[in-house]
Chemist: 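Quick one: this structure, given as structure tokens, is what I'll be asking you about.
Start at 1 and go down the list; that is how both ligands and their atoms are numbered.
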Amino acid sequence: MIQLFHVTKIYQDSDAPALSDVSLSVEKSEFVFLTGPSGAGKTTLLRLLYGADVCTRGQILMAGRNLQNASRDVVTQVRRDVGVVFQDFKLIATRTVFDNVGLALEVRGLRRVEVETRVKAVLNEVGLIHRAHAMPRRLSGGEQQRVALARALVSNPRILICDEPTGNLDHALSLEVMGILEKAAMRGAAVVCATHDEGLLRQHKHRVLALDRGRLVSDRRGAFDRAADLVSG
Ligand SMILES: Nc1ncnc2c1ncn2[C@@H]1O[C@H](COP(=O)(O)OP(=O)(O)OP(=O)(O)O)[C@@H](O)[C@H]1O
Ligand SMILES: [Mg+2]
């Protein structure tokens, strides 16, 4: 579902690459953590995946579509396949929680009743239905983070990209959010979750990709993946 071939990203006015010769692939229904110290290149990599930026060298395929030299149309198509939870949420300040989540469906031309049903279902899932008519600035950091998650999930994306989605949450809410992301993977989404929370990595035995100064320094298969390998022989 996600394929990177020798991807290098060098920002303008910077000599050290933010990503250096990174190759990897993530399959449908796979849950992958992306980790590494601050400045390692996690956000840079995620931004390339949803076409917010382009790589300097290499190729990126998202659900079979090549993002290198892609037209606006192709980037738009890719974005429709990808749900994103940004490190800083990026909620629209002038819209309610409900509208923030529903917008992705409205631009797809869904009917009002269908938008309403799906937004309510996903707000229920993240435990925020009682805040549906609140404005984002009236919410706590953790609540805003869950609105961002609801917005990413509402369109049932084939690929889910999350940048520190538990960064502002206490332990109990982190577990809940992880459960929601894992459910999305079980329903078939490829999920990439950037985190430097060691506790999270220890508790949830998924595949872990580790970046260090832009290089992919390890790719550790998760315990569940190995169990699945044993079952499938
Ligand atoms: N827009 C930009 N212009 C120039 N350099 C950038 C830009 N964005 C990031 N960088 C640099 O690229 C490197 C990787 O940054 P990135 O934000 O991807 O790290 P990160 O792993 O997400 O860190 P954190 O854990 O703090 O979120 C850093 O050295 C950073 O300074
Ligand atoms: Mg980051």
Side-chain angles (χ1 to χ4, degrees), residues 2-26 30-62 67-70 75 78-79 82-91 136 140-142 144-149 151-153 157 159-171 173-174 177-178 180-181 184 190-204 206-220 222:
I2 301 172
Q3 290 171 292
L4 273 70
F5 302 96
H6 303 289
V7 169
T8 292
K9 173 68 187 176
I10 304 171
Y11 286 108
Q12 252 175 2
D13 311 323
S14 137
D15 17 274
L19 287 175
S20 195
D21 197 25
V22 173
S23 296
L24 59 91
S25 66
V26 180
E30 200 176 7
F31 189 111
V32 182
F33 282 123
L34 181 63
T35 191
S38 185
K42 302 181 294 297
T43 298
T44 299
L45 184 98
L46 298 186
R47 285 172 51 80
L48 296 179
L49 297 186
Y50 57 85
D53 205 346
V54 288
C55 57
T56 313
R57 285 192 292 277
Q59 303 243 325
I60 300 177
L61 293 183
M62 296 292 281
L67 275 174
Q68 195 67 355
N69 304 319
V75 174
V78 167
R79 287 199 182 144
V82 180
V84 187
V85 182
F86 299 93
Q87 197 163 10
D88 57 355
F89 322 138
K90 296 202 195 307
L91 300 177
S140 72
Q144 291 182 37
Q145 196 146 29
R146 283 179 289 147
V147 176
L149 177 61
R151 182 182 57 187
L153 287 169
I159 297 165
L160 191 57
I161 288 169
C162 310
D163 205 351
E164 305 279 354
T166 61
N168 289 276
L169 305 180
D170 62 28
H171 183 68
L173 280 175
S174 291
V177 163
M178 278 300 300
I180 292 168
L181 297 179
V191 181
V192 181
C193 177
T195 183
H196 40 216
D197 183 344
E198 285 292 331
L200 209 63
L201 300 181
R202 264 196 309 276
Q203 276 170 18
H204 301 266
H206 298 295
R207 179 179 167 199
V208 181
L209 298 169
L211 288 172
D212 190 13
R213 281 163 286 177
R215 293 195 171 273
L216 185 62
V217 290
S218 87
D219 182 352
R220 197 175 77 226

Chemist: In Å and rounded to the nearest 0.5 Å, what is the CZ to NZ distance from Phe33 to Lys42?
Modeler: 13.5 Å

Chemist: Determine whether more than 12 heavy atoms belonging to other residues, nucleotides or ligands lie under 6.0 Å from atom CZ of Arg79.
Modeler: yes

Chemist: What donor-acceptor contacts under 3.5 angstrom involve side-chain atoms of residues 11-19, with partners at least two apart or in another chain?
Modeler:
from: Tyr11; atom 1: OH; to: Thr44; atom 2: OG1; distance (Å): 2.9
from: Ser14; atom 1: OG; to: Ala16; atom 2: O; distance (Å): 3.1

Chemist: Under a strict 4.0 Å criterion on non-hydrogen atoms, which protein residues are in contact with ligand 1?
Modeler: Tyr11, Ala18, Pro37, Ser38, Gly39, Ala40, Gly41, Lys42, Thr43, Thr44, Gln87, His196

Chemist: Do any pairs count as a salt bridge (charged side-chain N to carboxylate O under 4.0 Å, His left out) and have a residue in residues 43-54, sequence neighbours left out, and if so which ones?
Modeler: Lys9-Asp53

Chemist: Checking Asp21 against Thr8 for the side-chain hydrogen bond (donor to acceptor under 3.5 Å, both in side chains) test, could you report, in this order, the C-alpha distance in whole Å, the side-chain angles of both residues, the deciding distance, and whether it holds?
Modeler: CA-CA 5 Å; Asp21 197 25; Thr8 292; 5.2 Å; no

Chemist: Quick one: sort the His204 and His206 rings into parallel, tilted or perpendicular, breaks at 30° and 60°.
Modeler: parallel

Chemist: With rounding to the nearest 0.5 angstrom, report the CZ to CD distance, Phe5 to Gln59.
Modeler: 7.5 Å

Chemist: What is the distance from atom CG of Leu67 to atom CE of Met62, rounded to the nearest 0.5 Å?
Modeler: 6.5 Å

Chemist: Around the Mg ion (ligand 2), list the protein N/O/S atoms within a radius below 2.8 Å, excluding water molecules.
Modeler: Thr43 OG1, Gln87 OE1

Chemist: Report the distance from atom CG of Leu46 to atom CG of Leu34, rounding to the nearest 0.5 Å.
Modeler: 5.5 Å

